[in-house]
Asker: 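Attaching a single structure in structure tokens format; questions to follow.
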Amino acid sequence: MSAGSRDGAEALRLLPWTGASGGPAYVVADPERPGPVSRLADVIEETHLEMAAVLLCHARELTAEASPVELRHLVTELTQALTDTLRIAAGARR
């Protein structure tokens, strides 16, 4: 999910994790030759998206019959999945 510059040169890529200070983390990436950090980011992004899809399916099945405790847990997990998904989308727009 990397974004290159107009001429195909190296560009900043928003990573799917935060930096040491809790802010955004970036790597200088060449979309034509991804390095180990970019490849790891690809795997993590794919995992986040798969987890979001599974949680969404689970939420659709559970909402009609869930207890308040189950719903709170589901909302917590969905909130994290949405946070991860939005970070990936923001990185794709760069």
Side-chain angles (χ1 to χ4, degrees):
M1 307 262 173
S2 59
S5 66
R6 281 180 268 150
D7 61 1
E10 294 178 339
L12 286 180
R13 177 186 177 164
L14 178 65
L15 296 171
W17 55 82
T18 58
S21 64
Y26 297 91
V27 66
V28 176
D30 180 351
E32 299 299 317
R33 297 182 332 175
V37 174
S38 289
R39 290 191 301 271
L40 176 61
D42 288 341
V43 169
I44 291 172
E45 287 174 350
E46 185 63 32
T47 301
H48 285 323
L49 294 174
E50 288 173 7
M51 287 172 50
V54 168
L55 275 170
L56 182 57
C57 181
H58 186 63
R60 287 182 174 136
E61 295 170 354
L62 188 65
T63 52
E65 60 198 47
S67 71
V69 171
E70 290 171 320
L71 285 175
R72 276 193 297 276
H73 178 71
L74 181 59
V75 167
T76 300
E77 295 298 315
L78 286 170
T79 300
Q80 184 60 52
L82 183 56
T83 299
D84 295 339
T85 302
L86 289 173
R87 177 179 297 279
I88 293 166
R93 285 191 304 217
R94 284 189 57 84

Asker: If I compare all heavy atoms of R13 with all of S38, which pair ends up nearest, and what's the gap?
Answerer: NH1-O, 3.1 Å
Asker: Could you pull out every donor-acceptor pair under 3.5 Å between side chains of residues 81-91 and any protein atom, sequence neighbours left out?
Answerer:
unit_1	atom_1	unit_2	atom_2	d
T83	OG1	T79	O	2.8
D84	OD1	Q80	NE2	2.8
D84	OD2	H48	ND1	3.2
T85	OG1	A81	O	2.8

Asker: Testing the basics here: between R39 and P34, what is the closest heavy-atom pair and its distance to 0.1 Å?
Answerer: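 Closest approach of R39 to P34, heavy atoms only: NH1-O, 2.7 Å.
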Asker: For T76, check side-chain contact (heavy atoms from CB on, under 4.5 Å) against everything at least two apart and list the hits.
Answerer: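 For T76 there are no side-chain contact (heavy atoms from CB on, under 4.5 Å) partners, ignoring immediate neighbours.
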Asker: Other members of the hydrophobic cluster containing V75, with the 4.5 Å side-chain heavy-atom rule, please.
Answerer: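 Once heavy-atom contacts under 4.5 Å are chained together, V75 still belongs with nothing else.
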Asker: So which residues get pulled into I44's cluster when ILVMFWY side chains under 4.5 Å apart are joined, directly or through others?
Answerer: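 When side chains under 4.5 Å apart are linked, the cluster holding I44 also contains L15, W17, V27, V37, L40.
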Asker: For residues 53-63, tabulate all N or O donor-acceptor pairs below 3.5 Å that involve a side-chain atom, not counting sequence neighbours.
Answerer:
unit_1	atom_1	unit_2	atom_2	d
T63	OG1	A59	O	3.4

Asker: Who passes side-chain contact (heavy atoms from CB on, under 4.5 Å) against V43, sequence neighbours left out?
Answerer: T47
Asker: Can you sort out the partners of E77 under side chain to side chain donor-acceptor pair (under 3.5 Å), two or more places apart, ordered by chain and number?
Answerer: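 Checked E77 against side chain to side chain donor-acceptor pair (under 3.5 Å); zero matches.
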